[in-house]
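Atoms within a ligand are numbered from 1 in the order they appear, just like the ligands themselves.
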Amino acid sequence: LTEVDCVFCAIVAGSSPASMLYGDEQVVAFLDIRPVNAGHLLVVPRVHAALLSELAPVIGGRLFQVGMALDQALRCSGVRCDDVNLYLADGAVAGQEVPHVHLHVVPRFRGDGFGLRLPAGYGRRPEREALEEIAGWIRRALGEVEDAR
Ligand SMILES: [Zn+2]
């Protein structure tokens, strides 16, 4: 299953160039062409899925497994890497720029200038009651998601 005009499907199909790092039956990994830091890479499912909700859970699991292996590889690869961020934007509002699921694996070093910006008011602790109300909404929704599987 590939999507016409999807840049990651084109890489998976081999019709678009990429600096490949890894491939198996479910996922491939290659260097990001606009790296935050040298060695910034992406792990991508072979199957086209815009959002995690469209991706088989087993493939999502594989995505993370391969991301973990590449995290370890980056640390001893020779690229500047003190620690690593694994980052996945699920949807455009969350910062997803290519609508084909991808896990960023970003080598980090002190002072590299990368980071998540926190909203105004961050750090304030809601009352337990407010946390419990929201937890209830999410537990109910999780039940529905699991029932639908
Ligand atoms: Zn695609």
Between His100 and His102, ring centroids under 6.0 Å: no

Single-linkage hydrophobic cluster, 4.5 Å side-chain cutoff, Leu52 and Val105 together: yes

Leu21 with Val28, same ILVMFWY side-chain cluster at under 4.5 Å: no

side-chain hydrogen bond (donor to acceptor under 3.5 Å, both in side chains) pairs, two or more places apart, involving residues 63-81: Arg62-Gln65, Asp71-Arg75, Arg75-Asp83

Listed partners of Glu132 passing salt bridge (Lys or Arg N to Asp or Glu O under 4.0 Å), at least two apart: Arg139

Listing, residues 114-128 side-chain donor-acceptor contacts under 3.5 Å, not counting sequence neighbours, or none:
none

Nearby protein N/O/S atoms (those under 2.8 Å) for the Zn ion (ligand 1), with water ignored: Cys6 SG, Cys9 SG, His48 ND1, His100 ND1

